[in-house]
Amino acid sequence: IPFKAEEKEVRDACELIGPALSFNLAADADTGKRKGYAFVEYADDATAQSACRNMHGHRLLDRELRVGLAERAGAARRRRRGDHEPVGMEDAIHAASLVNDRGRLAVVSSVTRHLAGASRHELREALDTFKNCGPENCKVLTEYVPGLDIAMEMVQRLLDMAAADDAAGEAKRKKRASACPPPDDHGAKLMKLEDGGKATPVFAGVACV
């Protein structure tokens, strides 16, 4: 989506297909800066499919829109995915928006739909296989296999996004861990219980969640 497009302009364009139940123009929570994509919810699957067919390639201001089915806004992106789960349409669309090749929108759209169903593990394998061919062979392959250069660029983008998500998750875990008090070496105490005159060891502890 053109960054200079007003929210009403984008919504009006989407509602050429049918009424939108919800509309979310993605923006950075801290800066308010637009991210260049949006999520639209229609009343039924048929309308959503119609939007994909008729809105894809629709010119808005100085750009052609890329339109595809996505998961519910924010659900997939905020949830850390496992290595063997599909990366999802939302991440694939975001990776596609970073590919600067407006002359081959049909290729980008096709690659986006395919990569959305691939897992991180599969993406790594594909990229490693490609790189292991060597620079010269990679160059020949991209010249003779249509769309391979776009696919590999998008794979790299998706893996970079996954690595960033992992780093953010690790930072949050470390922050939570640092907020938890360290173990007290002197915290283990013995309490004498009236149980046959024997002292039963009871250890003090802290629950960290």
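Just so you know, these numbers use all the heavy atoms, side chains as well, and skip hydrogens, waters and symmetry mates. These numbers were taken from a predicted model, which means no experiment stands behind them.
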Taking 4.0 angstrom as the limit, do Glu153 and Arg157 come out as a salt bridge?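 So Glu153 pairs with Arg157 through a salt bridge.
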Got a salt bridge between Asp83 and Arg124, using NZ or NE/NH1/NH2 to carboxylate O under 4.0 Å? yes
More than 12 heavy atoms from other groups under 6.0 Å of CD on Glu136: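 No, because the 6.0 Å sphere around CD of Glu136 holds 12 heavy atoms or fewer from other groups.
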When rounded to the nearest 0.5 angstrom, what is the spacing between [atom1] in [X] and [atom2] in [Y]?
X      : Y      : atom1 : atom2 : result
Tyr37  : Ile93  : OH    : CD1   : 9.5 Å
Glu6   : Arg11  : CD    : CZ    : 15.0 Å
Asp160 : Gln156 : CG    : CD    : 4.5 Å

Heavy atoms only: give me the nearest [X]-[Y] pair and the separation to one decimal.
X      : Y      : answer
Pro2   : Leu65  : CD-CD2, 4.4 Å
Cys14  : Phe23  : SG-CE1, 4.3 Å
Thr112 : Met89  : CG2-SD, 3.9 Å
Val87  : Ser119 : CG1-C, 4.3 Å
Ala5   : Leu60  : CB-CD2, 4.3 Å

Assigning hydrophobic clusters by single linkage (Ile, Leu, Val, Met, Phe, Trp, Tyr; side-chain heavy-atom cutoff under 4.5 Å), is Leu127 placed with Val140?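 In one cluster: no.
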